[in-house]
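Here the structure is laid out as structure tokens; the discussion comes afterwards.
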2 protein chains.
Amino acid sequence: MGKRKTKQRDAIRAAFMAAERPLTSAEAHVLVQAEIPSLGIATIYRAIKDLLEEGWLVSMSIAGTTRYELADLGHHHHFHCNQCDKTFDIEGCVEDLASLVPKAFKILKHELTFIGMCQSCNGEMTS
Amino acid sequence: MGKRKTKQRDAIRAAFMAAERPLTSAEAHVLVQAEIPSLGIATIYRAIKDLLEEGWLVSMSIAGTTRYELADLGHHHHFHCNQCDKTFDIEGCVEDLASLVPKAFKILKHELTFIGMCQSCNGEMTS
DNA sequence: ATCGGTGCAAAGGGTTTGCAGGGTA
DNA sequence: TACCCTGCAAACCCTTTGCACCGAT
């Protein structure tokens, strides 16, 4: 009844560990197919669902798409590039964010996302 | 060749003005149908598309769904309730957010969203 | 009388589910 | 061997598009 170890799920976990940034289901699929070309998108979705439930991944909604990354990265935030549509991790946070919210609202977490152009795309524009 | 004034688009604009919070396309549809029951969802989507292009609405991606609100509300942020799935506006912001981002990244804007339980739902839980 | 907007239904794109076969334990 | 996982295809849901009709100008 426990989870079984399969090469598909190993490859999916490996893709998220290697990515070092949040991945969409489609991005994960492409990365994993480099290892296992026959792997179907349904397997990606089912694995992500299980990994979310067991707390190994967390999800976020950025730029109209759900993205997933390792749950144990610690508190951080994100930068989304409109040019290449990739999302990157940003270290650090700021104080007193919670003070913005009325006390009657119960805060579970917050998400801070910067939108703009990433280092790579910005460099290409100005070169 | 300009935009025409129709009762459907008037009702759609009125719904966003009255809502005082971001609405999903489905929420807007329900609200507008109270006024014009025959109004179809495609009309909502087409009107939103035009209103975004003319800068009257802005869109955001929260909790897996695209939401829209008036563009002229000034800088503010959002609170999303996991219980009722509604998103609310939060006044204010904090300083020095941009300092978190590496200088090579070009910031266009930022989005800050608190996730938790809103006043109404929180009250129902504890009563 | 134009021609943009609307309503309906079909088409698209992304995500989920049913099912038979394959692989782990 | 038992049964979870996979791959494929169908089903779903949300959004977009085609088309004929309606209605604002």
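Residue numbers start from 1 in every chain, and the chains themselves are labelled A, B, ... in the order their sequence lines are given, proteins ahead of strands. As the structure is a prediction and not an experimental result, all values here were calculated from the model. The figures that follow rest on heavy atoms only: side chains count, while hydrogens, waters and symmetry mates do not.
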### Task
Please indicate whether A:E95 has more than 12 foreign heavy atoms, meaning atoms of other residues, nucleotides or ligands, lying under 6.0 Å from its CD.
no
### Query
Can you tell which of C:dT17, C:dG5, D:dC5 lies closest to the side chain of B:K3?
C:dG5
### Which nucleotide in D:dA2, C:dA9, D:dT25 has an atom nearest any side-chain atom of A:R4
D:dA2
### Query
Side chains of A:H80 and A:T87: do they bring a donor and an acceptor to under 3.5 Å?
yes
### Short side-chain N/O contact from B:T6 to OP1 or OP2 of C:dG5, under 4.0 Å
no
### Query
Is A:R13 salt-bridged to A:D10, going by a charged N under 4.0 Å from an acidic O?
yes
### Task
Find which nucleotide of DNA chain D each of B:K5 and B:A42 is nearest to by heavy atoms, and output the residue with the more 5' nucleotide.
B:A42
Between atom [atom1] in [X] and atom [atom2] in [N], what is the gap in whole Å?
X     : N      : atom1 : atom2 : answer
A:I41 : D:dA9  : CD1   : C1'   : 15 Å
B:R46 : C:dG4  : CZ    : P     : 14 Å
B:I48 : C:dG5  : CD1   : P     : 15 Å
B:I44 : C:dC8  : CD1   : P     : 13 Å
B:I36 : C:dT6  : CD1   : P     : 9 Å
A:Q33 : D:dG7  : CD    : P     : 9 Å
A:D85 : C:dG14 : CG    : P     : 12 Å
A:Q8  : D:dC4  : CD    : P     : 17 Å

#### Entry: A:H110 ring center near B:H77 ring center (under 6.0 Å)
no
### Pair B:F79 and A:F105, ring centroids less than 6.0 Å apart
yes
### Query
Just checking B:K49: base, sugar-phosphate only, or nothing, at a heavy-atom cut-off of under 4.0 Å?
nothing
### Query
B:T65 near the nucleic acid: base, sugar-phosphate alone, or nothing, with a heavy-atom cut-off under 4.0 Å?
nothing
